[in-house]
Amino acid sequence: MSKNIAVLTGAGISTSAGIPDFRGPEGVWTKHPEQMSVYDIDAFMTDTEERKYSWRWQKESPVWNAQPGIAHKALVHLEEAGLLSLLATQNFDALHEKAGNSADVIVNLHGSIGTSHCLKCHARYDTATIMNNLDEEPDPHCHRQLPYRSNMTCGGILKTDVVYFGEALPEGAMEKSMRLATSADELWVIGSTLEVFPAASLVPVASQAGVPITIMNMGRTQYDSLATTLIRDPIQDALPRLVEETIQASRS
């Protein structure tokens, strides 16, 4: 029987692909709390040196050069089988896009490092283009010509689409996620500690709507008691297996 599955992913799916997490016991920010300023919007906006450091740090971070793992690819297979209605992610590494999931199902709750924009004229940029030119322009600014200002260069500050501390989540992201999670046949939580809100609130709200919940995470979460199924196995093993079983069941 065909199902309509909503998925929420957290750091665990990316650590399974070799990317260090930020908040775990061995996390980047746990060991180096001073590096949290990389994603502080006030520091980014007001201090040129902080802004340069933020861009350089992001370029040299494992997040930027990371490649999707087998678990990411499993969710592509789930979508290709017509079973994935929502892929809400707390990760900003753009690995779901790199793996091949479509923009139709992905909701980047905490933004994405894959794209950037001008804070003045809102022009869109491919972050890769900015990173490629970072040695020549360590403090990237907008080069768009403004026809309504005699083709003067905009000159606005460029910023990745990651949600920095002090910024709101992308408009409509939680609303769309809530709508699709509460109308799904199942909600899978993959590699999230369910400690960061509002993303974590998808679980109790979906549970209240009667949606069966699978939580796949190596550690315990505060919402384990709401789960119909708990999976503690390594995500790179467990998720491909769960996807394959779900696809086979949908065809029988």
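These numbers come from a predicted model, not from an experiment.
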Note to self: Go through it in stages, so that I can follow the logic: the residues are Phe165 and Phe44, the test is ring pair (Phe, Tyr, Trp, His ring centres under 6.0 Å), and I'd like the CA-CA distance, side-chain angles, deciding distance and then a yes or no.
What the structure shows: CA-CA 10 Å; Phe165 297 112; Phe44 187 85; over 10 Å; no
Looking only at side chains, do [X] and [Y] share a donor and an acceptor under 3.5 Å apart?
{"X": "Ser54", "Y": "Glu50", "value": "no"}
{"X": "Glu79", "Y": "Ser102", "value": "yes"}
{"X": "Thr127", "Y": "Ser116", "value": "yes"}
{"X": "Ser85", "Y": "Asn4", "value": "yes"}

Are any non-hydrogen side-chain atoms of [X] and [Y] less than 4.5 angstrom apart?
{"X": "Leu134", "Y": "Pro140", "result": "yes"}
{"X": "Phe92", "Y": "Val163", "result": "no"}
{"X": "Asn91", "Y": "His110", "result": "no"}
{"X": "Leu95", "Y": "Ser14", "result": "yes"}
{"X": "Glu137", "Y": "Lys52", "result": "no"}
{"X": "Tyr53", "Y": "Asp47", "result": "no"}

Next item on the list: Please go through Val76's hydrophobic cluster and name the other residues, only I, L, V, M, F, W, Y counting, with side-chain heavy atoms under 4.5 Å joining them.
Entry: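 Its cluster partners, ordered by chain and number, are none at all.
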Closest approach of [X] to [Y] (non-hydrogen atoms, all atoms of both residues):
{"X": "Tyr164", "Y": "Gln58", "value": "OH-NE2, 3.2 Å"}
{"X": "Tyr125", "Y": "Ile130", "value": "CB-CD1, 3.9 Å"}
{"X": "Val203", "Y": "Ile213", "value": "O-CD1, 3.4 Å"}
{"X": "Ser201", "Y": "Met174", "value": "OG-CE, 3.8 Å"}
{"X": "Leu169", "Y": "Pro198", "value": "CD1-CG, 3.5 Å"}
{"X": "Ala99", "Y": "Lys73", "value": "CB-N, 4.4 Å"}

Checking the side chain of [X] only, and the main-chain atoms of [Y] only, is there a donor and an acceptor separated by less than 3.5 Å?
{"X": "Ser177", "Y": "Ala173", "value": "yes"}
{"X": "Ser192", "Y": "Val189", "value": "no"}
{"X": "His117", "Y": "Thr115", "value": "no"}
{"X": "Gln90", "Y": "Ala11", "value": "no"}
{"X": "Asn217", "Y": "Gly219", "value": "yes"}
{"X": "His72", "Y": "Gly69", "value": "yes"}
{"X": "Asn133", "Y": "Thr129", "value": "yes"}
{"X": "Ser207", "Y": "Pro204", "value": "no"}
{"X": "Asp40", "Y": "Ala43", "value": "yes"}

Notebook entry, point to check: Salt bridge or not for Lys176 and Glu171, using N-O below 4.0 Å?
Noted result: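 Glu171 and Lys176: not salt-bridged.
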Note to self: Tell me whether Arg56 is salt-bridged to Asp135, with the criterion being a basic N under 4.0 Å from an acidic carboxylate O.
What the structure shows: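 Looking at Asp135 together with Arg56, the answer is yes, because their closest N to O distance falls below 4.0 Å.
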Next item on the list: Please say which of Thr228, Thr229, Val7, Leu187 ends up in a side chain to side chain contact (heavy atoms under 4.5 Å, CB included) with Thr214.
Entry: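 Exactly one option meets the side chain to side chain contact (heavy atoms under 4.5 Å, CB included) with Thr214, and it is Thr229.
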Do [X] and [Y] land in one hydrophobic cluster if side-chain heavy atoms of ILVMFWY residues count as linked below 4.5 Å?
{"X": "Val243", "Y": "Leu87", "result": "yes"}
{"X": "Tyr39", "Y": "Met45", "result": "yes"}
{"X": "Leu84", "Y": "Ile235", "result": "yes"}

Check: Is Glu136 atom CD crowded by more than 12 heavy atoms from other residues, nucleotides or ligands, each under 6.0 Å away?
Finding: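 Counting neighbours around CD of Glu136, more than 12 heavy atoms of other residues, nucleotides or ligands fall under 6.0 Å, so yes.
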Notebook entry, point to check: If you count the non-hydrogen atoms of other residues, nucleotides and ligands that lie under 6.0 Å from CZ in Arg220, is the total more than 12?
Noted result: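 Open.
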Next item on the list: Only counting residues at least two apart or in another chain, list the ones meeting side chain to side chain contact (heavy atoms under 4.5 Å, CB included) with Glu186.
Entry: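 Expected list: Lys3, Ile5, Trp188.
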Notebook entry, point to check: Who pairs with Tyr223 by ring-ring contact (aromatic ring centres under 6.0 Å, His included), at least two apart in sequence or on another chain?
Noted result: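 If we apply the ring-ring contact (aromatic ring centres under 6.0 Å, His included) test to Tyr223, skipping adjacent residues, there are no hits.
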Next item on the list: Only pairs at least two apart or in different chains count here, so list each salt bridge (charged side-chain N to carboxylate O under 4.0 Å, His left out) that has a residue in residues 80-106.
Entry: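 Residue pairs passing salt bridge (charged side-chain N to carboxylate O under 4.0 Å, His left out), neighbours aside: none found.
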Notebook entry, point to check: Any salt bridge (charged side-chain N to carboxylate O under 4.0 Å, His left out) pairs touching residues 113-132, not counting sequence neighbours?
Noted result: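 Residue pairs with at least one partner in residues 113-132: Arg124-Asp161.
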Check: What residues, two or more places apart in sequence or in another chain, satisfy salt bridge (charged side-chain N to carboxylate O under 4.0 Å, His left out) together with Arg232?
Finding: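 For Arg232, the residues satisfying salt bridge (charged side-chain N to carboxylate O under 4.0 Å, His left out) (neighbours in sequence not counted) are Asp224.
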